[in-house]
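Below: one structure, written as structure tokens.
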Amino acid sequence: DAAKAPAPRVAVVLFLLKDKSVLLGRRRSSVGDSTFALPGGHLEFGESFEECAARELREEAGLEINKTEFLTVTNNVFREEPKPCHYVTVFLRANLADPEQLPQNLEPEKCYGWDWYDWDQLPNPLFLPLEKMVKTGFNPFPDH
Ligand code: 8DG
Ligand code: MG
Ligand code: MG
């Protein structure tokens, strides 16, 4: 019932673009366990979307980003999860500040590891919010 329902939260996630590929990690989480997802996390009090993305990329993968841009926002209700939750998910894109920099798995309790995946050969299964976007034909690349 409404009294017990948790409030929707804001998540910021990032398409980190490198050539024709994006950075994905396989989740270790009660929400979307084992699925491939973008780096990102919860918006903290007072942060801009860009600040949140930069912080999450540092915390999760040790990466510095630049040219961060807003892409879109989607509404994601996870009703069937053990702990149902609701996210308003803000999608940004960015580039690596240093194209030679390698992702590190700095939160191994939350992620099995980061890797680059060609946009035309994305892995399966994708985390549902990302899967939904891909199915609509969404493409995060600027020259698209
Ligand atoms: P934090 O404590 O670092 O803030 O959070 P986190 O541990 O990094 O949380 P997260 O699960 O990575 O991200 C928060 C929520 O964002 C996640 O539970 C659901 C939502 N979300 C989407 N799409 C994606 C996505 O592609 N990747 C990530 N990481 N989260 C996503 O709706
Ligand atoms: Mg995260
Ligand atoms: Mg995080």
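In listed order, ligands and their atoms are each counted from 1. For the numbers below, each heavy atom of this structure counts, side chains included, while hydrogens, waters and symmetry mates do not.
Checked against the 6.0 Å centroid criterion, the rings of Phe49 and Phe91 do not qualify as a close aromatic pair.
Every protein residue with a heavy atom nearer than 4.0 Å to ligand 1 is included here: Ala11, Val13, Arg27, Ala37, Leu38, Gly40, Gly41, His42, Glu56, Glu60, Asn76, Tyr87, Thr89, Lys110, Phe127, Pro129.
The structure places CZ of Phe36 at 11.5 Å from CG of Leu23, a figure rounded to the nearest 0.5 Å. Leu38 CG to Leu24 CG: the interatomic distance, rounded to the nearest 0.5 Å, is 6.0 Å.
Side chain of Arg55 to backbone of Glu59: no donor-acceptor contact under 3.5 angstrom is found. Side chain of Arg26 to backbone of Ser34: a donor-acceptor contact under 3.5 angstrom is found. The backbone N or O of Glu51 lies less than 3.5 Å from a partner atom in the side chain of Ser48, making a donor-acceptor pair.
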Can you give each donor-acceptor pair under 3.5 Å made by side-chain atoms of residues 92-100, sequence neighbours left out, with the distance rounded to 0.1 Å?
unit_1	atom_1	unit_2	atom_2	d
Arg93	NE	Glu69	OE1	2.9
Arg93	NH1	Pro140	O	3.0
Arg93	NH2	Glu69	OE1	2.7
Asp98	OD1	Glu100	N	2.9

Acceptor/donor pairs from residues 106-119 side chains to any protein atom, 3.5 angstrom cut, sequence neighbours excluded:
unit_1	atom_1	unit_2	atom_2	d
Trp114	NE1	Glu60	O	3.0
Asp118	OD1	Asp120	N	3.0

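Listed by chain and number, the protein N, O or S atoms at a distance under 2.8 Å from the Mg ion (ligand 3) are Glu56 OE1, Glu60 OE2.
Within 6.0 Å of NZ on Lys20 lie no more than 12 heavy atoms contributed by other residues, nucleotides or ligands.
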